[in-house]
Amino acid sequence: MSQPYYEDTSPGYGARPARAAFTTDAATAGLGGIWRFHLSPAADLAPDGFWADDFDDSSWSLLPVPSHWPLHGHGSPVYTNIGYPFPLDPPRVPDENPTGDHRLVFELDDSWTREPAVLRFEGVDSCARIWLNGQELGVTRGSRLPVEFAAGPHLRAGRNVLAVRVHQWSSGSYLEDQDMWWLPGIFRDVTLIRRPPGGVEDAFVHAGYDTSTGRGTLRVDAVTRDGAEARLSVPELGVDDLPAGDTIAVEGVAPWTAETPRLYHGVLATGTERVTLRIGFRTVAVEDGQLRVNGRPLLLRGVNRHEHHPDHGRALPAELDREDVLLMKRHNINAVRTSHYPPHPRFLDLCDELGLWVVLECDLETHGFSAADWRGNPADAPEWAEACLDRIRRTVERDKNHPSVVMWSLGNESGTGRNLDAMAAWVRERDPGRPLHDEGDHECRHSDVYSRMYLPHDEVEAIGRHAEPPLDDPDADARRRSLPFILCEYAHAMGNGPGGLAEYQRLFERYPRLQGGFVWEWIDQGLRQRTPDGREFFAYGGDFGEPFHDGTFAIDGLLFPDRTPSPGLAELKKTVEPIAIRAAEGRGDGRGRRIRITNRYDFSDLSHLCFELALSSDGLPVLAKPLHVPPVAAGESAEIELPVLPPVDGEGWITISALLAEEQPWAPAGHEVAWTQLPLTEEEQASRRGTGPRPVPAPRRRPDGRLVLGSGEFDGRSGRLVRLGTMDVDGPVLDLWRAPTDNDRSASLWGPPDDSAVRWWRQAGLDRMVHRVDEVADGPDGVLVRTRVAAAAQASGMTVEYRWAADESGLVLTVRVEPAGDWPGGLPRLGVRMAVPGRLGQVRWFGRGPGEAYPDSRSAARVGRFSSTVDALQTPYVVPQENGARADVRWAELSGGDGPALRMESVGLPRFSLTARRWTTGDLESARHTTDLAASDRLFLHLDVAQYGLGSASCGPGVLPAHRLQAAPVTWSLRLSACG
Ligand code: GAL
């Protein structure tokens, strides 16, 4: 049997040379819309002759193009991370090769028959064979790469028929093993573009900037048809009719940076075509061991972005590219790695326009070859050389004119090999103006930056100090040691997390060699589905019945699949904020406190910001006023004196915010960029002493055995509080368990396998503790309940004492926990839980908020008064797990329905964090999707004095030692009352 074209390792045939994407005044015709579609389960079952003009497709389905057919009811998506979803037998693919035939009939006027034209596909996954009016144009592979075919000679005035056969699997699939859904289809635009004789074939803008002189240099190289002359005009710069290929110096030009994305509009014209160019002047270089733009080092506050939409997959609706860029800018993100392929070109237009540093990655990943010890890796094997080169050519050629693109990336997780070497050599030659990144090139044979993923903090620090373990070859070692370092992926944002962002950021800010990194990843790759009764949830691997899949592993973004920001994004925004505001020593002349403001932008001064100071007392606003801050230059600091503030009665906090002074293209005036909170000092804080518990009648035992103390009733045997005022309650009792997070469930990437936090916790029986009551005593001081809490088969246990006293405003509970024995894995949580009536669905609290906070992900939570509903306190992680804790609660009130409110107060330190949900931890733990969680008629409250951190062990390091909750004796108090 001869090998079918879709198993040929070549890039395809028939395509025109790759060129830059540009906007032209030549006529174009978009061919997106509703097409006819037919799916065959195998390539050899696809209908013969469907490309013929007169083929009868009237019985075929209708399908929007661009789209992925599995998201329109034809077949289903498949999710894998590393392993290929077919046998590793390159370049062969399975007989079951879903093949989608697409047909479009369209009309053209006769002007289209007079000039050459090309048919351009921006992306077809994974292999397409194309016919126009019955004539074959060619075959293409390279799913996320553009391809053009000469179409002119085949076009007709009137009716035209475009037929495209798309195979889900092809040799190209071996090069496209990115961690994402396998989604075949014509998923990006299809366009006919007129190519006038004497027009522009290609243009390459070279626009450099020299900070020391403020001078730009400009040259546009052009390839034209028929030897035509092309000339450049940039009216704003007084450039008029500059011949292509000529270099000029441009005085006084404003440079392009991601912070100040200044674009100049140029036109490259021949006699027959005008091409619009957006020119940004900047010079990118690795010099003195740093990645620099316009001579200044960058600190990349980046994210890895897959194109994903919960209904459309990678056929992203146009407006979402803008939404992504806006969301990034508003969250202080300044860089994006287009993991792991070139995005839709309009995304890059937006990066140019709104300002993001882009690491532009080629569509290449061969990770699944790791299963065969990389034998036959297409990144190395000679038969794949042309396919690899073709991919990098199409990448660079398409996107070479984007000022936002500051680095080319050869691909992801493709090992090492000769084809990567050849790709690198080609890029160097073609575009010496941009450094090169290659994720798998750990020895930096051709990378200009040392780049790794998920390294733990201590190793990153060692690299920061140039003290990483040496390579065997001293020359290679010296070269690598001289290079800047980035984390091309870090802080795996799977489920609740990532924890440890702040610690990474401190390293990046401290060591000049560390130039930041890219959080993995931007958005959860969940697909929207409905339960039979119509409730929406997000599906992951396995939900479509795939026999081989990687489950929940692509649900690891900073956005939920519907683009709602997760708490992880709030944490990232705060952690990477470009202005640091800290308390400084001493007082100013006016005797106000001093603060130090550090400008962490790479280029901008602070003149685009205004600052505001607000004073609060017990979370209530006391005053707010503008704060004058000088326009501190990038990288510099200034100390300023705050006005003298009046004393306040309650707990006083000063909040200082940096806000946009004026509207920016990416956010309105007043948008908060950075903030900090400083506690009011003792002397400014008026003293206010609590009244302390006053004696109330001692507890009494009722004939039914219940103990009554103040407003509380206790079960006489268990000592549990069962009623508070008129409210039925159950608890509080010690609780040490949480519904494991994705990170809890995973062993650190860098430790022994199986070494997850959960494994230790389960081994210690923390998920199945039983409570034994040793004593329930009542006396003049109140009620004392002594218990021992331990798990079957375990000698270790906790002695827990609950001391209840009453005062006029309620019951005061003091809990004393004394661990005995070993708890080597620490504890998921330490606190009490109680059940209360479900009507209490409204929450108000004074503490940290508005969002959740965990020990190593809490910088975004500020001290204040907040209100919410219990339902809105839940963070809807696609895979249900621990969530929603509100930290450092001074007091909280739950209210609603008919009956009193429940008030909970911290008495002294430590304060509790509050979690309230309508289901138990067990329910949360066993749910696979959000729709598995059913509200009960009670609320389950957790009042914790501590929780284990989050870390990012789901792919990376676990929780840093400082954030691991170890078992230790602890005593804390809280007041409970029913009020209103
Ligand atoms: C990296 C990979 C990403 C993704 C991530 C885990 O190794 O480059 O594509 O798989 O791990 O989510």
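Remember, it's 1-based here, ligands and their atoms both numbered in the order they're listed.
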- request: For atom 9 (O) of ligand 1, find the nearest protein heavy atom and state the residue, atom name and distance (0.1 Å precision).
  value: H340 NE2, 2.6 Å
message: Once side-chain contact (heavy atoms from CB on, under 4.5 Å) is applied, do any residues pair with S126, and if so which ones, sequence neighbours excluded?
response: S143, S170, S173, E176
task: Give the atoms of ligand 1, by number and element, whose distance to some non-hydrogen atom of D556 is under 4.0 Å.
output: 12 (O)
Top protein contact for atom 12 (O) of ligand 1, by heavy-atom distance: H492 NE2, 2.7 Å
- prompt: At under 4.0 Å between heavy atoms, which part of N81 makes contact with ligand 1: side chain, backbone, both or neither?
  reply: side chain
Charged N-O contact under 4.0 Å between R330 and E323: no
- prompt: Is there a nitrogen or oxygen of D179 sitting under 3.5 Å from a nitrogen or oxygen of ligand 1?
  reply: yes
query: Angle class for the W182/W169 ring planes (parallel below 30°, perpendicular above 60°, tilted otherwise)?
result: perpendicular
- request: Answer with yes or no whether M453 contacts ligand 1, where contact means a heavy atom under 4.0 Å from a ligand atom.
  value: yes
field: N or O pair under 3.5 Å between N412 and ligand 1
entry: yes
Proximity of Y540 and Y79 rings by center, below 6.0 Å: no
task: Number the atoms of ligand 1 from 1 as they appear, then name those within less than 4.0 Å of a heavy atom of W520, with their elements.
output: 3 (C), 4 (C), 5 (C), 6 (C), 9 (O), 12 (O)
From the candidates M180, Q525, E489, the one that places a heavy atom nearest atom 8 (O) of ligand 1: E489
field: Y84/F369 under ring pair (Phe, Tyr, Trp, His ring centres under 6.0 Å): CA gap, chis, key distance, verdict
entry: CA-CA 9 Å; Y84 290 96; F369 282 80; 5.7 Å; yes
- request: Mind telling me whether H457 and Y504 have parallel, tilted or perpendicular rings, with 30° and 60° as the class edges?
  value: parallel
message: To check your reading of the model: name the closest protein heavy atom to atom 5 (C) of ligand 1, its residue, and the distance in Å.
response: Y454 OH, 3.2 Å
message: Is there a polar contact between ligand 1 and E413, counting only N or O atoms under 3.5 Å apart?
response: yes
message: Can you tell me how the ring of H367 sits relative to the ring of W374, calling it parallel under 30°, perpendicular over 60° and tilted otherwise?
response: parallel
query: Are S952 and P957 close enough that some pair of their side-chain heavy atoms sits under 4.5 Å apart?
result: yes
